[in-house]
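Please read these numbers as outputs of a predicted model, since none were measured by experiment.
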Amino acid sequence: MTANVAVETTPEAPLWNDPTQDIGTRVSALIDAMTLREKIAQLYGVWVGASDEGGEVAPHQHDMEEAVDLDALLPAGLGQLTRPFGTAPVDPALGALSLARTQARIAAANRFGIPALAHEECLAGFATWGATAYPVPLSWGATFDPGLVREMAAAIGRDMRSVGVHQGLAPVLDVVRDLRWGRVEETIGEDPYLVGSIGTAYVQGLQSAGVVATLKHFAGYSASRAGRNLAPVAMGPRERADVLLPPFEMAVREAGAGSVMHAYTDTDGIPSAADEELLTGLLRDTWGFDGTVVADYFGIAFLRILHGVAGDWAEAAGTALRAGVDVELPTVKTFGAPLAEAVAAGRVPEALVDRALRRVLTQKARLGLLDAGWNPVPATLDGADLDDPDALRGTVDLDSPANRELARTVAEEAVVLLANDGTLPLDRPRRIALVGPNGAEPAAVLGCYSFPQHVGVHHPQTPPGIDLPTLHDALRREFPGAEIEVVRGTGVDDGDVSGLAGAVDAARRADVVVAALGDRAGLFGRGTSGEGCDAESLALPGAQQHLLDALLDSGTPVVAVLLSGRPYALGRAADEAAAVVQAFFPGMEGTTALAGVLSGRTNPSGRLPVSVPRGAGGQPATYLGARLAQAGDVSNVDPTAAFAFGHGLSYTSFHWDDLTVDRAEADTAGEFSLALTVRNTGDRHGTEVVQLYLHDPVASVVQPVQRLVGYARLPLAPGEARRLRVTVPADLASFTGRDGRRVIEPGELHLRLAASSADVRLTATVTLTGPERHVDHTRRFHARFDQEPSGQEG
């Protein structure tokens, strides 16, 4: 293959190849020139795997697919290539060469020279062999730091774009409704504002690098009954509108997200892939979304085989297309021959094909894929000898030092110190007992959509491609003078208690016990966390609680360290452990970050994006409960969390005072203004996270007791104080009223300035005046936080 694979141009080059022309005009001209078969070919993908020898991709076989004949398909064109890098281990440079060669073949095979759009997973970094494994989204939420998440996403996007990838299947904007759900690790948290603000930052970062972000799963997937994957969703329209939809609204409006993926689930009997009111009426007609709606993998076929709302493949295709799904992924099934035959027979209007096609071609035009002079060779191969694949091997680095430093920073900010009796930070311990199944396990830091856990497990002969230091490795580096005894004690979920006695003996010989507990990420039952790995209860998996209780009885201080994809009830340890440290699958630099927190090299600043339950049962429960969802005399079940949403400790102390309310009254179109002073009263630098909650004492429909409407991270030196001014738009008090419209009602509100949802420090009582006011998706989403210096203690 030579570098000269650009689309040939002539003085008579067609309009659709002219980048100086309006995109809409170009796309219309191209649609007019296409046959029905050529149109439909742009509406599906083919699942492929790149060649580790640099040759063309090969179709990937899956138990949901029939064999795909690329030679037969390509003369009509091809819409997408599914996961060329994320299907099997491939050297990044050779994967890029394989993709470029395939794109050249695709463009040459169809009359219009249109290449495919290549997509990949990027939930915890670019999901390919040798790429940096960042913390999972639940850790992004724990940072309460949109700027950092935006920076991380931009780095991920640059790596993807450098090898020829155009679209990333992230972020997950599902709001956690039941902690038993296996995909909690993929979410950002249990609060819609936190999910929306962090998720929007991720979209902005990814798309700044030229990669289309895909919002998923639209909408309701996380609210499935009993936390079971793909189970039906029982949810009223108000919960959907006020809890599950706002993150998607925010990302569409503020970040211009380029793609949305429908959810697998049905809500009140309507599958998302068949929901025209959702995918067209709300998403496009109301919110103004102009990107593509893509199917979750096999989701259109599921309309027939799982949901039973289609009698054959053609009906499934027509139903999804009519609802507003534009692209079938991961491979051609219903949008191929069944759709073509249905259109020819008059069962599906060709206008629906044209509507989806316009969106697909518009996206390709925006990415430059229709331009004259388009070249499939990505930037990372510029100037390379493409005819010598062996020389390319190892020349592309997707795990740069800058990436790893960024991954470490995210991990450090995401570690949450839940409890501490003063044992932490550890002061030069002589003997450490590292006990538990995650103490010497390299993969304990990885989520289910990391490449090693998602794909690498099927290729055990291939090394992970990245350095994965264990917690033992990290502690040895952090405490070089300490003797560290490693005892497994029990497995993550094997229930084996034969090692408990040896673990207790090791604990008694030590100055401190570090109990490394938690999850193993996997898919569909291969793990304790991840897609299809739902939990019956929130007790620690296997015999880990037995191990933890035995260690607590040893008499040696126990520091419980959780490496997990969801929070777990910790039993006695919530009150009796010397310290509890939570890390939600913190990525390849996670153990280094944890060791830094244990030693005090890093002052923890993470805050819980999900509540940690007191008991193993009682789900679903989140902090967003109404009054009747709280503890009371009407039920013997107390849902009060052991550690509340937003909670997190520091090695320094902070004092909040001097609350002033500059504007305590505003009409329903106005805003409030208040200020407070936060001072670091400890002896070391630290970061406080000021959280703003809104409490509406009286409303026309039942409201949560409180909900997060804003937050700010405040880094402060010892003795430093900052004056924090907060402007709160009345729009933040809106909710879905009785008539289904979003309303702002006059009346009294409480603005709670808090260190967590259970730790309110200051409260401002304010009043909305004037008439009721209706708002929509163009409402203001954010309070404004302005920081001012406020002096230094002597």
Side-chain angles (χ1 to χ4, degrees), residues 82-83 85-87 119-129 131-143 149-150 152-157 159-160 165 167-176 181-189 195 198-207 209 211-218 221-222 229 247-248 251 257 259-261 263-264 294 296-297 329-330 398 403 406-407 410-411 414 443 445-457 466 519 521-524 527 529-533 564-566 584-588 590 609-610:
T82 293
R83 297 175 66 179
F85 288 87
T87 297
H119 76 257
E120 292 288 351
E121 299 283 1
C122 54
L123 270 169
F126 181 10
T128 189
W129 187 84
T132 305
Y134 291 89
V136 298
L138 203 56
S139 275
W140 311 350
T143 70
V149 171
R150 187 180 298 111
M152 176 194 70
I156 293 169
D159 282 343
M160 295 172 75
V165 176
Q167 182 171 359
L169 303 187
V172 169
L173 297 185
D174 294 298
V175 178
V176 174
W181 191 46
R183 304 189 79 167
V184 166
E185 64 173 72
E186 300 176 43
T187 74
I188 295 168
V195 173
I198 295 291
T200 295
Y202 184 89
V203 174
Q204 291 166 337
L206 197 70
Q207 295 195 162
V211 173
V212 174
T214 307
L215 313 181
K216 58 187 193 179
H217 306 86
F218 194 63
Y221 188 22
S222 58
N229 196 40
F248 293 93
S259 190
V260 169
M261 176 180 281
Y264 282 131
V294 301
D296 204 343
Y297 285 11
L329 296 179
L398 299 178
N403 280 7
L406 185 54
V410 177
V445 294
L446 299 177
C448 76
Y449 268 80
S450 66
F451 186 85
Q453 296 301 93
H454 201 79
V455 178
V457 292
I466 52 175
D519 278 318
L523 279 87
F524 306 115
S529 173
E531 185 173 0
C533 297
S564 64
R566 63 164 68 85
F584 296 110
F585 290 141
M588 62 186 292
V610 284

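Taking 4.5 Å as the limit, every side-chain heavy atom of V176 sits out of range of all side-chain heavy atoms of R566. Taking the side chain as every heavy atom from C-beta outward, N229 and Y264 never approach each other to under 4.5 Å. Between L169 and Y297, some side-chain heavy-atom pair lies under the 4.5 Å cut-off. Residues P586 and V445 meet the side-chain proximity criterion, which asks for heavy atoms closer than 4.5 Å. At least one side-chain heavy atom of K216 sits under 4.5 Å from a side-chain heavy atom of L123. Two residues are said to be in side-chain contact when any heavy atoms from C-beta on lie closer than 4.5 Å; L329 and H119 meet this criterion. Contact of the T187 side chain with the V195 side chain is not registered, since no non-hydrogen atoms from C-beta on lie closer than 4.5 Å. For the pair P330 and R83, the minimum side-chain heavy-atom distance is 4.5 Å or more.
Residues forming a side chain to side chain donor-acceptor pair (under 3.5 Å) with H217 (at least two apart in sequence, or on another chain): D174. Taking D519 as the reference, T528, Y568 meet the side chain to side chain donor-acceptor pair (under 3.5 Å) condition, with sequence neighbours excluded. Residues meeting the salt bridge (Lys or Arg N to Asp or Glu O under 4.0 Å) test with R183, sequence neighbours left out: E186, E531.
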Quick one: do S450 and F585 satisfy side chain to side chain contact (heavy atoms under 4.5 Å, CB included)? Show the steps, please.
CA-CA 10 Å; S450 66; F585 290 141; over 6 Å; no

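For T132 (side chain) and L398 (main-chain N/O), a donor-acceptor pair under 3.5 Å exists by modelled atom type. When atom types are taken as modelled, the side chain of H454 and the backbone of C448 share a donor-acceptor pair closer than 3.5 angstrom. Listed for the E120 side chain is a donor-acceptor partner under 3.5 Å among the backbone atoms of F85. Between the side chain of S222 and the backbone N or O of V175, at least one donor-acceptor pair lies under 3.5 Å. The backbone N or O of G447 lies less than 3.5 Å from no partner atom in the side chain of Q453, so there is not a single donor-acceptor pair.
In this structure, the separation between CZ on F218 and CG on L173 is 10.0 Å, given to the nearest 0.5 Å. Note: D296 CG to Y221 OH = 6.5 Å, rounded to the nearest 0.5 Å. Taking CG from N403 and CE from M152, the interatomic distance works out to 11.0 Å, rounded to the nearest 0.5 Å. Annotation: the span from L215 atom CG to T200 atom OG1 amounts to 8.0 Å, rounded to 0.5 Å.
Here the closest non-hydrogen pair linking M160 and Q167 is CE-O, 3.9 Å. Across all their heavy atoms, A209 and G157 have their closest contact at CB-C, 3.4 Å. Here the closest heavy-atom approach between residue G565 and residue L138 is recorded as O-CD2, 3.6 Å. Across all their heavy atoms, C533 and L523 have their closest contact at SG-C, 3.9 Å.
Classification of the W140-Y202 ring pair by plane angle, with boundaries at 30° and 60°, yields parallel.
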